[in-house]
Amino acid sequence: MIEYYGWVCVREGFDEANESEEMMGKIWQEFLSKIDITFKNLENQQIKTGILNGNYQFMIFGFHNHKSQEFFDVLEIYQWLAKNAVGSYGLLHYFDDEDKAGFDNQFQVYSLKKGKFECQQDKLLSPYFNEIEDRK
C-alpha cells in the first residue's frame, strides 16, 4: 500500500517585494486547470485548494493499493509548481510498503522550496515498524 500527505503554499516568487498579484492570479488559474486535467477521476485521494488570508493553498492526500500513475501525477504537480511558481513551499510525505529501493519500512519526504523539489528520508515517522505500528 502507498499513502501520501502533502501541502503547499503556492507563491509566485520568494521575494515578496517583487511579486505581482496579477501574475499570481494567472499562475493560480493555470495551476487549477492543471489539477482539473490531471485529477479528473479522483479515486482514493482528496484534493483541496483555496485562498486563505491572501495565501494560495494546495493540499492532497491519498491511499492506493500499489504505487500507480496517481502517485506519479502528484509528483508531476509538485514539479510543475517548482518550475512555474518558484516561491512555493511545502512537503509531501509518503510511505510505500512495496518500495523496491529499500525504503519499504520508512516514510520519505519531498520538500518543495525555492524552485527545488527533493526527496529525503523521514526521521520523525520512520522506521514505520516500530514507530507507527508494531509487528508481531
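Hydrogens, waters and symmetry mates are skipped; everything else that's a heavy atom, side chains included, is used.
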For F95 and Q106, work out which heavy atoms get closest and say how close.
CD1-O, 3.5 Å
If you round to the nearest 0.5 Å, how far is CD of Q121 from CZ of F107?
14.0 Å
For the atom pair CG (L75) and OH (Y4), what is the distance rounded to the nearest 0.5 Å?
9.5 Å
F61, F72: one ILVMFWY side-chain cluster at the under-4.5 Å cut-off?
no
Check the pair D99, Q108 against side chain to side chain contact (heavy atoms under 4.5 Å, CB included), reporting the backbone distance first and the verdict last.
CA-CA 11 Å; D99 186 273; Q108 295 180 71; 3.8 Å; yes
Check for me whether the distance between the ring centres of Y78 and Y110 falls short of 6.0 Å.
no
Cluster link I51 to L32, ILVMFWY, side chain under 4.5 Å
yes
Hydrophobic clustering (ILVMFWY, side-chain heavy atoms < 4.5 Å, transitive) - are Y56 and Y89 grouped together?
no
Between S111 and L91 (side chain of the first, backbone of the second, donor and acceptor by atom type, cut-off under 3.5 Å), is there such a pair?
no
How about CE on M1, more than 12 heavy atoms from neighbouring residues, nucleotides or ligands closer than 6.0 Å, or not?
yes
Is there a path of hydrophobic side-chain contacts, each under 4.5 Å between heavy atoms of I, L, V, M, F, W or Y residues, that connects I47 with W28?
yes
Output the distance between atom CD1 (I60) and atom CH2 (W7), rounded to the nearest 0.5 Å.
15.0 Å
I'd like to check H93 versus L124 (side-chain heavy atoms, cut-off strictly below 4.5 Å). Are they in contact?
no
Is any side-chain heavy atom of E131 closer than 4.5 Å to a side-chain heavy atom of L125?
no
Is E22 salt-bridged to K26, cutoff N-O under 4.0 Å?
yes
One should read off an interatomic distance between F117 CZ and L81 CG, to the nearest 0.5 angstrom, of 9.0 Å
Which pair of heavy atoms, one from E12 and one from S20, lies closest together, and at what distance?
OE1-N, 2.8 Å
Evaluate the side chain to side chain contact (heavy atoms under 4.5 Å, CB included) criterion for residues Q46 and M59: first the C-alpha distance (whole Å), next the side-chain angles of each, then the deciding distance (0.1 Å), finally the verdict.
CA-CA 8 Å; Q46 290 191 0; M59 293 172 275; over 6 Å; no
For residues L92 and I132: do they belong to one hydrophobic cluster (side chain heavy atoms under 4.5 Å, members Ile, Leu, Val, Met, Phe, Trp, Tyr)?
no
Non-hydrogen side-chain atoms of V109 and K123 separated by less than 4.5 Å:
no
Atom pair CG/NZ of N84 and K34 - distance to nearest 0.5 Å
8.5 Å
Answer yes if the side chains of Y5 and E3 hold a donor-acceptor pair under 3.5 Å, and no otherwise.
yes
Tell me whether K67 at atom NZ has more than 12 heavy atoms from other residues, nucleotides or ligands lying less than 6.0 Å away.
yes
How long is the gap from CD1 on I2 to NE2 on H66, to the nearest 0.5 Å?
11.0 Å
Closest heavy-atom pair and its distance - V86, K83
CG1-O, 3.8 Å
Specify the closest pair of heavy atoms between I77 and T38, including all atoms of both residues, with the distance to one decimal.
CD1-OG1, 4.1 Å
Looking at every heavy atom in both A85 and I27, which two are closest together, and how far apart are they?
CB-CG2, 3.9 Å
Heavy-atom count around E43 CD within 6.0 Å, excluding the residue itself: above 12?
no
Ring-ring centroid check F58 F31, cutoff 6.0 Å
yes
Heavy-atom nearest pair, L112 first then V8, reads CD2-CG1, 3.8 Å
